[in-house]
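Single-structure report; data block below.
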Amino acid sequence: MNNKKGSVIKEIRKIRGISQQRLGVLMGSQSMVSRIENNKTEPTDHTVLLLCDALNISFEEYFSAVFGKKNNLKTLTTVLSQYYQDNDRQKLDQLTQLLQSDTIKNPSDPFMRHYYLMSLSTLYHLDFLVASIDDQKELIDYFFNISYWQFYDLCLLANVVNMIHVERITPYISDILKQYATNNMPTASVETVSKILINALETSIIQKKMTLLDIY
C-alpha cells in the first residue's frame with residue numbers, strides 16, 4: 001500500500017476536526033478507518049470515494065495528495081469511468097487540469113503523462129474527438145515497444161483507444177488477442193481485454209474506418 005494514503009487521510013481528518021470515532025460512524029466502522037490510517041489495509045475504490053465525501057474533500061484533492069504511483073491506476077480508471085457515465089465535464093476538466101499540472105511538474109514521469117492522457121481521452125470521448133497527431137504518436141510509440149502486455153499497458157490502451165485513429169491500434173489489438181489465446185495473460189486482465197475490444201469497436205463505428213471483422 002502507498003504509505004501516503006493512510007497518513008493523508010489521518011492528516012485531513014485532523015484538519016477537519018473530525019475524530020477517528022466520528023469518521024468511523026460516518027463510514028460505518030471505526031476499526032476500518034483505524035486500519036486504513038495505519039496502513040494495515042488498502043481502501044477499495046468505493047471506500048476512497050466515501051472517505052472523500054465524509055472528509056469534505058474532492059477526489060482531485062485526494063488524488064493530488066497521494067497519486068503518482070503505477071499501482072494507483074485502478075482507482076483512476078474507476079473514477080474516470082464514473083465521471084464519464086455521469087457526463088460530468090466539470091469534474092473531468094478539473095481532474096485533467098490537475099494531471100496536466102502534475103505532468104508539467106514531473107516531466108520525466110511517464111505514468112503521470114499517461115494519467116493525463118487517459119483523463120484527456122475521457123473528455124474527448126464525450127465529444128467523439130481524437131487526439132492531436134503528436135499525442136497519438138506518443139501513445140503509438142509506447143505501444144510499439146511492448147513485447148508482453150501487462151495490466152498497466154492494457155489499462156492504458158483501454159482508456160485511450162478512442163482518441164487514436166483506430167487503424168493505428170489494430171496491430172496491438174491483434175498482439176493482445178494472440179497473448180490472450182495462448183493463456184499467457186493474468187486472469188485479472190481479462191476484463192480489461194474485453195473493455196479494449198468494446199471500446200475499439202465503438203471507436204471503429206464512430207470513425208467509420210473498420211468493422212468488427214477487421215479487428216479479428
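We use all heavy atoms of the structure for the numbers below, so side chains are in, but hydrogens, waters and symmetry mates are not. For this chain, numbers begin at 1 and follow the sequence in order.
Summarising the geometry, atom CG belonging to Leu51 is positioned 6.0 Å from atom CG belonging to Leu23; distances are rounded to the nearest 0.5 Å. Between the CG atom in Leu157 and the CG atom in Leu139 there is a gap of 9.0 Å [rounded to 0.5 Å]. With rounding to the nearest 0.5 angstrom, the CG atom of Asn39 is 9.5 Å from the NZ atom of Lys10. Note that CG of Leu95 is 11.5 Å distant from CD of Gln100, once rounded to the nearest 0.5 Å. Distance check, rounded to the nearest 0.5 Å: NZ of Lys14 to CD of Gln20 gives 9.5 Å. Note that the CZ atom of Arg35 and the NZ atom of Lys40 stand 9.5 Å from one another [nearest 0.5 Å].
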(Q) Show, in sequence, the C-alpha distance, side-chain angles and deciding distance for Leu99 and Met112, and conclude whether the side chain to side chain contact (heavy atoms under 4.5 Å, CB included) test is met. (A) CA-CA 7 Å; Leu99 292 170; Met112 290 310 304; 3.9 Å; yes
Q. What do the steps show when you test Ser101 against Gln97 for side chain to side chain contact (heavy atoms under 4.5 Å, CB included), and what is the final call?
A. CA-CA 6 Å; Ser101 176; Gln97 290 171 15; over 6 Å; no
Q) Run the side chain to side chain contact (heavy atoms under 4.5 Å, CB included) check on Leu197 and Leu201 step by step: do they pass? A) CA-CA 6 Å; Leu197 295 176; Leu201 173 59; over 6 Å; no
(Q) Could you walk me through whether Asp86 and Gln82 satisfy the side-chain hydrogen bond (donor to acceptor under 3.5 Å, both in side chains) test, starting with their C-alpha distance in whole Å, then the side-chain angles of each, then the deciding distance to 0.1 Å, before giving a yes or no? (A) CA-CA 6 Å; Asp86 295 342; Gln82 187 62 56; 3.1 Å; yes
**Q.** Ile206 and Glu202: CA distance, side-chain angles, deciding distance, side chain to side chain contact (heavy atoms under 4.5 Å, CB included) verdict
**A.** CA-CA 6 Å; Ile206 292 170; Glu202 179 191 50; 3.7 Å; yes
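Ser119 places no side-chain N or O within donor-acceptor distance of the main-chain N or O of Tyr115, the cut-off being under 3.5 Å. Remark: the backbone N or O of Asn199 is paired with a side-chain donor or acceptor of Thr203 at under 3.5 angstrom. Remark: side-chain polar atoms of Ser189 are not paired, donor with acceptor, to backbone N or O of Thr192 under 3.5 angstrom. A donor-acceptor contact shorter than 3.5 Å links the side chain of Asn145 to the backbone of Asp141. Counting only distance, with no hydrogens or angles, the side chain of Ser81 and the backbone of Thr78 share no donor-acceptor pair below 3.5 Å. Put simply, the side chain of Ser34 never gets that close to the backbone of Ser31: no donor and acceptor are under 3.5 Å apart. Asp53 places no side-chain N or O within donor-acceptor distance of the main-chain N or O of Leu50, the cut-off being under 3.5 Å. Side chain of Arg16 to main chain of Asn56: a donor-acceptor pair is present (N/O by atom type, distance under 3.5 Å, no hydrogens or angles).
Following chains of ILVMFWY side-chain contacts shorter than 4.5 Å, one can reach Leu177 starting from Val166, so the two form part of one hydrophobic cluster. A continuous path of Ile, Leu, Val, Met, Phe, Trp and Tyr side chains, each step under 4.5 Å between heavy atoms, connects Val79 with Tyr152, placing both in one hydrophobic cluster. When hydrophobic clusters are built by joining Ile, Leu, Val, Met, Phe, Trp and Tyr residues whose side-chain heavy atoms come closer than 4.5 Å, directly or via intermediates, Val161 is not grouped with Ile198. Clustering ILVMFWY residues whenever any of their side-chain heavy atoms sit less than 4.5 angstrom apart, transitively, puts Phe144 in the very cluster that holds Ile164. When hydrophobic clusters are built by joining Ile, Leu, Val, Met, Phe, Trp and Tyr residues whose side-chain heavy atoms come closer than 4.5 Å, directly or via intermediates, Phe111 is not grouped with Ile104.
Across all non-hydrogen atoms, the minimal contact from Ile196 to Leu154 is CD1-O, 3.5 Å. Residues Asp153 and Phe143 share a closest heavy-atom pair of O-CE2, 4.1 Å. Minimum heavy-atom separation, Arg13 to Leu55: CA-CD2, 3.7 Å. In this structure, Ile36 and Pro43 approach most closely via the heavy-atom pair CD1-CB, 3.9 Å. Residues Leu117 and Met163 share a closest heavy-atom pair of O-SD, 3.6 Å. The two residues Gln136 and His165 make their nearest non-hydrogen contact at OE1-N, 3.0 Å.
Judged purely by distance below 3.5 Å, without hydrogens or angles, the side chains of Glu138 and His114 never pair a donor atom with an acceptor atom.
The shortest distance between side-chain heavy atoms of Leu126 and Arg89 falls below 4.5 Å. When side chains are defined from C-beta on, Ile169 counts as touching Ile173, because their heavy atoms get closer than 4.5 Å. Here the side chains of Asp135 and Leu120 are in contact, with some heavy-atom distance below 4.5 Å.
Tested against Ser121, the residues Asn159, Asn162, Thr96 include a single side chain to side chain donor-acceptor pair (under 3.5 Å) partner, Asn162.
One finds no salt bridge joining Arg113 and Asp109 here, because no Lys/Arg side-chain nitrogen approaches an Asp/Glu carboxylate oxygen to under 4.0 Å.
Taking the six-membered ring where tryptophan is involved, the planes of Tyr172 and Trp149 are tilted, since the angle between them lies from 30° to 60°.
Within a 6.0 Å sphere centred on OH of Tyr180, heavy atoms belonging to other residues, nucleotides or ligands number 12 at most. Atom CZ of Arg22 sits in a sparse spot, with 12 or fewer heavy atoms from other residues, nucleotides or ligands closer than 6.0 Å.
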